[in-house]
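Below, read A as the first sequence line, B as the second, and so on, with proteins coming before strands; counting in each chain starts at 1. Atoms considered below: every heavy atom in the structure, side chains included; atoms not considered: hydrogens, waters and symmetry mates.
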Protein chains: 2
Amino acid sequence: MNVRFKFAGMARVSQEHLDARRRQILDGAARCFARNGFHATSMQDVLKEAGLSAGAVYRYFRSKEELIRAIAEDVFGTVRAAFESAARETPPPLPDVVLGRVLGQVFLGPQAMADLDREGFPRLVLQVWAETLRDEELAATLRRGYEVVRDAWTTLVQQYQRSGLMRDDVPADHVARTLVAAVQGFIAQQALFGESGIEVLEDGLRGLMSVPGGNIG
Amino acid sequence: MNVRFKFAGMARVSQEHLDARRRQILDGAARCFARNGFHATSMQDVLKEAGLSAGAVYRYFRSKEELIRAIAEDVFGTVRAAFESAARETPPPLPDVVLGRVLGQVFLGPQAMADLDREGFPRLVLQVWAETLRDEELAATLRRGYEVVRDAWTTLVQQYQRSGLMRDDVPADHVARTLVAAVQGFIAQQALFGESGIEVLEDGLRGLMSVPGGNIG
DNA sequence: TTGTCAAGAATGAATGTTCGTTTTAAGTTT
DNA sequence: AAACTTAAAACGAACATTCATTCTTGACAA
């Protein structure tokens, strides 16, 4: 390279190389963690899966906890992006279609976690949820993201209500939370009981949408 | 000694005492595990919480794994019982009511896990899900239980369909899975975002039930 | 009732192992 | 050869589990 000044500490390898190494570690770790959880996976498991030595990995992540957090935030980001992009569609499709879009994005979407196969990702989500219960910083991050998602979905539901598509005597954010819950539950089922098509949730919502009434309360 | 019959293994303390000790260990362990997860909880944490020594605990449970499995199966049982009893109600109430019953049972129900407070139980459920991904024996148990629940709920949905309450061009078991997913997702939300009333899910379903149409497909 | 005793129940310090992390030495690139 | 990265050995801490020991219980003799 024709750089004239070389400062002490100047990187010897390109930024792309550094980024690729980081991603190589994250991908290997994600595979391990999806398989065995964070705390039953040793750093040596991660090293082997990533094909690197301890020194290498500890150059990119100061500790196992930092690695776990990086993975968890990747997962948060992927899921959150799926929820947000589906809520932004105009005009808003009916709930069954919206939830189908979310799941499509989560499982196939713009490859934040490209390296994980379709069954790996839901497993990782469950591990991240469990870890979130132990790590107040992760919990705070998740809550912040969830608030944004819930607001977007509440707005979506209010559009249904204003257009007369949905009764407006139920709080919009209760409906929003329920839709989010359906997706979360479906992800849990994918992890626990194996893969199944997105149409399961779509059909399920269509069935529910055809039930008249419900108690006024 | 002129004792005529002395059986080896003759109980020195009452069966109630043994049962109470076992429960004391399970309750302490459940509190620890709900707080910190299975693998970030040491046996010494469990011992302290239960107020017993290592030897005492290892008399009742051969290993940490055996303790984890006992806890997990308690959790499975509690959730499964809630799903089953709600599905058995005749005549079947509308979906919003049925799901409300399930949640009521899970959070307040016949105290299988009496010792855990309301926020503790959903946390424990998430930890058990995560552990289930690592333990094929737990996974098999969960799948067996889930099949029974899904069958019961499919039957319930078929009753809706036969009575004309729900369109019958969607597979009943897809609707059943969706209802179960909504409950699972709600439990996850309880653990991750804090408590909220059962009426959130009830209202949410009522809102959805009032949406007409949905694509035929 | 009271005292005795064998066996079950409980203890907690000790054990060997495994973990995350650091250090050190060899290698690679420019 | 300088600048920097990687590999591998090594370390202390923490872990699950064991075991020699002490305490407790309840049947039975008197």
* To do: Quick one, give me the B/S/- string for nucleotides 15-21 of chain C, reading 5' to 3', where B means a protein heavy atom under 4.0 Å from the base and S means that only happens at the primed atoms, P, OP1 or OP2.
  => ----SSB

* Asked: Is there a donor and acceptor pair, one atom on the side chain of R59(B) and one on the base of dA10(C), closer than 3.5 Å?
  ->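 Result: at least one qualifying N/O pair found.
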
* **Short side-chain N/O contact to dG26(D) OP1/OP2 from H17(B), under 4.0 Å** =>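 No, no such contact exists.
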
* To do: Identify whether the distance between the nearest side-chain nitrogen and carboxylate oxygen of R69(B) and E65(B) falls below 4.0 Å.
  => yes

* Is a salt bridge present between D203(B) and R177(A), judged by a nitrogen-to-oxygen distance below 4.0 Å? ->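 Result for this pair is no, no salt bridge flagged.
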
* Would you indicate which nucleotide in dA9(C), dT6(D), dT11(C) comes nearest to any side-chain atom of S53(B)? =>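 So the nucleotide nearest the side chain must be dT11(C).
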
* Is a side-chain donor or acceptor of D45(B) paired with a backbone partner of S42(B) at a separation under 3.5 angstrom? ->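 The answer is yes, because a donor-acceptor pair under 3.5 Å joins these two groups.
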
* Short side-chain to backbone donor-acceptor contact, Q189(B) and G194(B), under 3.5 Å -> no

* Asked: Looking across every strand, which nucleic acid part, if any, lies under 4.0 Å from Y60(B) by heavy atom: base, sugar-phosphate, or nothing?
  ->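 Sugar-phosphate, backbone atoms only, no base.
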
How many Å lie between [atom1] on [X] and [atom2] on [N], as a whole number?
X	N	atom1	atom2	result
I25(B)	dA9(C)	CD1	P	12 Å
R21(B)	dT24(D)	CZ	C1'	11 Å
I68(B)	dA16(D)	CD1	C1'	11 Å
K48(A)	dA8(D)	NZ	P	13 Å
L52(A)	dG27(C)	CG	P	18 Å
Q24(A)	dT5(D)	CD	C1'	14 Å

* To do: First locate atom CG of L192(B), then atom CZ of R123(B), and finally report the distance between them rounded to the nearest 0.5 Å.
  =>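 Answer for the CG-CZ pair, L192(B) versus R123(B), is 9.0 Å.
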
* Asked: Quick check, are the ring centers of Y146(B) and F193(A) under 6.0 angstrom apart?
  ->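 Yes, the ring of Y146(B) comes within the 6.0 Å limit of the ring of F193(A), centre to centre.
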
* To do: Name the residue closer to the 5' end of DNA chain D, choosing between A40(B) and G51(A) according to the nucleotide with the nearest heavy atom.
  =>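 With A40(B) and G51(A) compared, the 5'-side residue is G51(A).
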
* Taking every non-hydrogen atom, the tightest pair across A130(B) and Q127(A) ->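 Looking at all heavy atoms of both residues, the shortest contact is O-NE2, 3.4 Å.
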
